[in-house]
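Written out below as structure tokens is the structure these notes cover.
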Amino acid sequence: MKLLVCNDYDEMSKKAAALIAAQVKLFPESILGLATGSTPIGTYDELIRLYNAGEIDFSEIETVNLDEYVGLGPDHEQSYRHFMNKQLFNHVNIDPEMTHVPNGLAANPEEEAENYEMMVECLGGIDLQVLGLGPNGHIGFNEPDSFFTPATHVVNLSKETIDANSRFFASRAEVPHQAITLGVKQIMQAGKIILLVNGEKKARALKAAVTGPVTPDLPASILQLHPDCTVFADEAACEWIYDD
Ligand code: F6R
């Protein structure tokens, strides 16, 4: 695991986008694993800028998103499908058919999770996975637990995640309580992983993920075992480095 301390959010976003852009240029048929949330927005903005500058081409890229809220469809402003269309897909030349997000409106979410797992398997897995970090150490929606869940699954969101994500909804009561998420297997099998972390609210989780024991209680800690994981973090998330 490599930790790259960036001056600020802007530098973090640009450096991470440069690595993704290199993947897209060198391997134009890559499968990109993508995250939502506030953290990767700057990275996606930079990818759009690089696309508009003629530096990258998404025409053969296929994407697999990490997760989706159970009960939210593409028309819901807070669905992750809506987010991806708005923040990236609508602005680059990616084929919409080649973008995958779990269906939050599936009648049987467990079956949707199984099908999603098979779909990723059939694609041959993920070449480069982008991750954000939950304040409780989650990656995707793999929440702290007493065990790691390998496969794509339906998860009950923790109180901390519901609290953290309520900032995107009109009220806390509107935050869905369940999501479909890739499990740690597909994430850990990705060829390359980029973990994006900014802000002091993530400092505790980042320190534990990077320096603590590998434990399902802090799911991101498993990334220590990945052979090619780069953490792009801003200074605020890394203040613990300078302690003592
Ligand atoms: C989103 C996801 C989550 C977020 C994490 C951080 O697809 O999988 O793990 O990356 O909750 O969210 P933000 O970036 O909003 O702080």
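Please read all numbers here as calculations on a predicted model, not as lab measurements. Just follow the structure's listing: the first ligand is 1, and inside any ligand the first atom is 1.
Tyr51 and Tyr44 have their aromatic ring centers separated by at least 6.0 angstrom.
With rounding to the nearest 0.5 Å, the separation of CD1 in Ile194 from CG in Leu223 is 12.5 Å.
Shortest contact from atom 6 (C) of ligand 1 to any protein heavy atom: Leu133 O, 3.4 Å. Of all protein heavy atoms, the one lying nearest to atom 11 (O) of ligand 1 is His138 NE2, 2.6 Å. Shortest contact from atom 14 (O) of ligand 1 to any protein heavy atom: Thr39 OG1, 2.4 Å. In this structure, atom 1 (C) of ligand 1 lies nearest to the protein heavy atom Thr36 OG1, 3.1 Å.
The shortest heavy-atom distance from Lys201 to ligand 1 is not under 4.0 Å. Using a non-hydrogen distance threshold of 4.0 Å, Arg167 registers as a contact of ligand 1.
No more than 12 heavy-atom neighbours from other residues, nucleotides or ligands sit within 6.0 angstrom of CD on Glu200. Within 6.0 Å of CD in Glu239 there are more than 12 heavy atoms belonging to other residues, nucleotides or ligands. Dense packing is recorded around CD of Glu55, with more than 12 heavy atoms of other residues, nucleotides or ligands lying under 6.0 Å away.
Within the 4.5 Å cutoff, no side-chain heavy atoms of His100 are placed close to those of Thr63. Between Asn136 and Ser158, some side-chain heavy-atom pair lies under the 4.5 Å cut-off. Side-chain contact between Ile193 and Ile187 is present, with at least one heavy-atom pair separated by less than 4.5 Å.
Proximity to Gly132 (heavy-atom distance under 4.0 Å) selects the following atoms of ligand 1: 10 (O). The ligand atoms of ligand 1 that sit less than 4.0 angstrom from a heavy atom of Lys202 are 6 (C), 13 (P), 16 (O). Taking every heavy atom of Gly140 and a limit of under 4.0 angstrom, the matching atoms of ligand 1 come to 2 (C), 3 (C), 8 (O), 9 (O). Counting the atoms of ligand 1 from 1 in the order shown, those under 4.0 Å from a heavy atom of Leu66 are 8 (O).
With a heavy-atom cut-off of 4.0 Å, Phe168 touches ligand 1 through its side chain alone.
Remark: ligand 1 and Asp67 share an N or O pair separated by less than 3.5 Å (distance only, no angle test). Below 3.5 Å of separation, one finds no N or O of Gly37 facing any N or O of ligand 1.
For the side-chain contact (heavy atoms from CB on, under 4.5 Å) criterion with Thr181, the lone passing option out of Asp67, Thr149, Thr152 is Asp67.
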